[in-house]
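Notes follow the structure.
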Amino acid sequence: MTRDRRQYDIETKLLIVRRHLQGVSGRVLAKEYDLSLSRHRHELDQNLPARR
């Protein structure tokens with residue numbers, strides 16, 4: 001099974017990142033925006049500051 005590749009505009013991407021930084025679970029965002037969490041997790045880990 002293949003998925004259609006969705007492309008989001010920069011405003012939507014920033015909204016997703018801001019919500020994640022505010023504490024919204026990656027799983028919740030993945031479900032809401034039909035994202036593959038495992039596929040993009042390494043990108044998040046590399047680009048987001050470490051949580052303490």
Side-chain angles (χ1 to χ4, degrees):
M1 181 168 99
T2 60
R3 292 172 32 136
D4 290 331
R5 184 180 175 135
R6 296 185 115 186
Q7 292 188 351
Y8 295 97
D9 57 61
I10 190 69
E11 291 83 12
T12 302
K13 291 177 184 179
L14 288 172
L15 175 65
I16 294 168
V17 170
R18 287 182 183 129
R19 289 184 61 206
H20 184 68
L21 290 173
Q22 292 171 347
V24 177
S25 158
R27 290 183 190 275
V28 169
L29 293 170
K31 185 173 182 180
E32 189 174 323
Y33 290 94
D34 193 29
L35 301 172
S36 171
L37 189 59
S38 61
R39 181 176 176 202
H40 299 289
R41 172 159 242 137
H42 70 281
E43 294 173 17
L44 284 175
D45 291 342
Q46 290 175 352
N47 295 312
L48 295 177
R51 289 187 172 188
R52 294 179 187 218

message: Just so I know, are the side chains of Y8 and L15 near enough to count as touching, which here means a heavy-atom distance under 4.5 Å?
response: no
Verify same cluster id: L35, L14 (apolar side-chain graph, 4.5 Å): no
task: Measure across L29 and I16 and return the closest heavy-atom pair with its distance rounded to 0.1 Å.
output: CD1-O, 3.7 Å
